[in-house]
Amino acid sequence: MYKLNEKADRINTSSLKWDGMKPAFGNNELLPMWVADMDFSPPIAVIEKLKERIDHGVFGYTIANENTAQAIVDWTSKRHGWEIQPEWILYSPGVVPSIGMAIQAFTEVGDKVLLQSPVYTPFFNMIENNMREVVNSPLKLVNGRYEIDFADFEEKLKSGVKLFLLCSPHNPGGRVWSKEELTKIAELCKQYGVLIAADEIHADITFAPHQHFPLTSLDPSYQDFVVTFMAPSKTFNLAGLQASFLVVPNQEMRKKLILIQQTVNLTSLNTFGMIAMEAAYRDGEEWLNECIDYIEENINLIDEVISQSIPELEVMRPEGSYLVWIDCRKTGLNDKQLRDTLLEKAKLAVNFGASYGKGGEGFIRLNPACHRSIVEEGLNRLKLAFES
């Protein structure tokens, strides 16, 4: 076992999750189970490579070299059976900036950009901040699991949408979209001439029997209208090192993205992000597999305790990602009451569903990528929140 069972002290480390609760919730004295990062140290190989670079002692300008690209190529091939070319890869400090770049590269001010709510809040923010129009095709909740309303999806595509933001695996609902669903999405977008920006940042974390399929791996023709965003940040808990990449097979799309990158000079990675990315993809798979097992045990505990002790809540078990989406609507509390109950009575910091758009109302997102004792304490606080 790696250091997954060691409880890390992240207080006073400028951690958004632990030190950023006062700005977000007005109170730092909460148990943090929000923010999608882990409380685990990354693979030992990552730490060793970073220390080695620190010992070198010179931190000048850095370029992402062919070894970095090859590590990505090898990882996507081994983990997902997805064969990509080094020249398809561009670098970015994060997936959210990449979403912004794609919106700027492939749409104009006032254009329509499609998403499917409830979905990761920055999808909305990046569309609106870039002065584009949000078009929403809400997901359907069917037997406790999200499904795509393809009739509505097609109608929205017909309305003049230029770009579709795909969240795969889905955040916050944890769906791992099937080959059939992904193919139908791609074929409809191809039919109506809509480009796809696929946020696949949670791709590496899935729970058996579910398997993630990179969208462009399903058909060579999809390479002409899909750009894919990935990163080691969720996979290996490296978000603070700000390193991600874009896979852009189509040369014309790649040129447009490079032009946007050049306008703000974001064309490479920082030294430590590059080193960590390469080390994680080269030597982190064993750590990742153990991490997934540990998180799944935490999810099992959440599911068991809530079903037995807090029956008014319903857990949507994630098929992918380490985030748990919980339906609180049977409590009868509105969103403000739910927020007040959890923050003031339970002293528990979670992400509240209303911020994920239509369909998120009455839900919370809980992060179990932490020491089991924190999960246990969080569950005790949830019980306290809803006891009569």
Side-chain angles (χ1 to χ4, degrees), residues 1-22 24 28-55 75 79 174 201-202 204-208 231-243 272-273 275-306 317-318 320-324 346-351 365-383:
M1 172 68 72
Y2 289 86
K3 294 183 178 181
L4 303 175
N5 209 28
E6 292 184 11
K7 193 171 182 180
D9 182 0
R10 299 184 65 191
I11 296 173
N12 295 325
T13 64
S14 298
S15 161
L16 174 61
K17 181 192 291 184
W18 287 84
D19 299 324
M21 288 184 288
K22 190 171 182 64
N28 248 358
E29 301 303 316
L30 305 171
L31 185 72
M33 296 191 75
W34 65 310
V35 181
D37 71 9
M38 306 184 195
D39 286 341
F40 308 136
S41 296
I44 294 169
V46 172
I47 302 294
E48 290 176 344
K49 287 294 184 182
L50 290 173
K51 286 181 177 178
E52 185 179 304
R53 188 66 180 82
I54 289 170
D55 288 342
W75 176 262
R79 193 79 184 178
I201 194 171
H202 293 281
D204 299 321
I205 301 174
T206 59
F207 304 102
S233 51
K234 305 299 182 190
T235 308
F236 300 104
N237 200 31
L238 301 174
L241 296 181
Q242 297 187 318
F272 296 108
I275 291 168
M277 176 186 284
E278 183 178 339
Y281 285 148
R282 288 289 183 210
D283 298 305
E285 189 168 39
E286 183 180 358
W287 176 96
L288 175 60
N289 292 336
E290 287 194 14
C291 184
I292 290 172
D293 289 343
Y294 187 90
I295 291 170
E296 188 167 24
E297 290 173 5
N298 282 349
I299 293 170
N300 290 340
L301 179 61
I302 291 169
D303 201 1
E304 177 184 347
V305 170
I306 287 179
R317 281 194 67 100
S321 87
Y322 52 73
L323 304 166
V324 179
K347 304 295 184 187
L348 181 64
V350 300
N351 294 103
R365 194 188 76 171
L366 199 71
N367 179 0
C370 54
H371 193 269
R372 188 145 303 130
S373 64
I374 294 176
V375 175
E376 292 167 347
E377 176 61 22
L379 288 168
N380 288 335
R381 295 186 186 211
L382 272 181
K383 290 182 200 176

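These figures come from a predicted structure and were not determined experimentally.
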(Q) Using modelled atom types and a 3.5 Å cut-off, is there a donor and acceptor pairing between side-chain atoms of D19 and backbone atoms of S15? (A) yes
Any donor and acceptor pair, going by atom type alone, linking the side chain of K234 with main-chain N or O of S321 inside 3.5 Å?
-> no
Residue K49 excluded, over 12 heavy atoms near NZ under 6.0 Å:
no
- [ ] Start with the C-alpha distance between L323 and N351, add both sets of side-chain angles, then the distance that settles side chain to side chain contact (heavy atoms under 4.5 Å, CB included), and finish with yes or no.
- [x] CA-CA 10 Å; L323 304 166; N351 294 103; over 6 Å; no
Expected output: side-chain Y322 to main-chain I299 donor-acceptor under 3.5 Å
no
Interatomic distance, CZ@F272 vs CG@L241, rounded to 0.5 Å, equals 9.0 Å
Between A243 and P232, the two heavy atoms sitting closest are O-CD, 3.3 Å
### Side chain D39, main chain K7, donor-acceptor under 3.5 Å
no
Interatomic distance, CD@E52 vs CD1@I275, rounded to 0.5 Å, equals 8.0 Å
d(N300 CG, R317 CZ) to nearest 0.5 Å is 4.5 Å
From the list L382, L348, L31, side chain to side chain contact (heavy atoms under 4.5 Å, CB included) with E377 holds only for L31
Q. Could you go step by step and tell me if E285 and W75 meet the side chain to side chain contact (heavy atoms under 4.5 Å, CB included) rule?
A. CA-CA 9 Å; E285 189 168 39; W75 176 262; 3.9 Å; yes
Between the CG atom in L366 and the CG atom in L379, the distance rounded to the nearest 0.5 Å is 7.5 Å
*Judged by atom type as modelled, is there a donor-acceptor pair below 3.5 Å linking the side chain of D204 to the main-chain atoms of T235?*
no
One should read off an interatomic distance between M21 CE and E29 CD, to the nearest 0.5 angstrom, of 7.5 Å
With no hydrogens and no angle check, is any side-chain donor or acceptor of N367 less than 3.5 Å from a backbone partner on V35?
yes
L30 and R381 have their tightest heavy-atom pair at C-NH1, 4.3 Å
**Evaluation steps, side chain to side chain contact (heavy atoms under 4.5 Å, CB included), between W34 and R365** = CA-CA 7 Å; W34 65 310; R365 194 188 76 171; 6.0 Å; no
Just by distance, do the side chain of R372 and the backbone of Y294 share a donor-acceptor pair under 3.5 Å? yes
All heavy atoms of C291 vs all of F40, minimum pair found to be SG-CD1, 3.8 Å
dist E376:CD -> H371:NE2 (nearest 0.5 Å) comes out at 8.5 Å
Scanning both residues in full, the closest heavy-atom pair of V375 with M33 reads CA-CE, 4.1 Å
Check: Taking N298 for the side chain and C370 for the main chain, is one N or O donor matched with an acceptor at less than 3.5 Å?
Finding: yes
Taking every heavy atom of D9 against every heavy atom of T13, the minimum-distance pair comes out as O-CG2, 4.2 Å
Exercise. Just by distance, do the side chain of W287 and the backbone of A280 share a donor-acceptor pair under 3.5 Å?
Worked result: no
Review point. Hey, are the side chains of R10 and P32 touching, using non-hydrogen atoms and a 4.5 Å cut-off?
Key: no
Closest non-hydrogen contact found for G284 with P43 is CA-CG, 3.9 Å
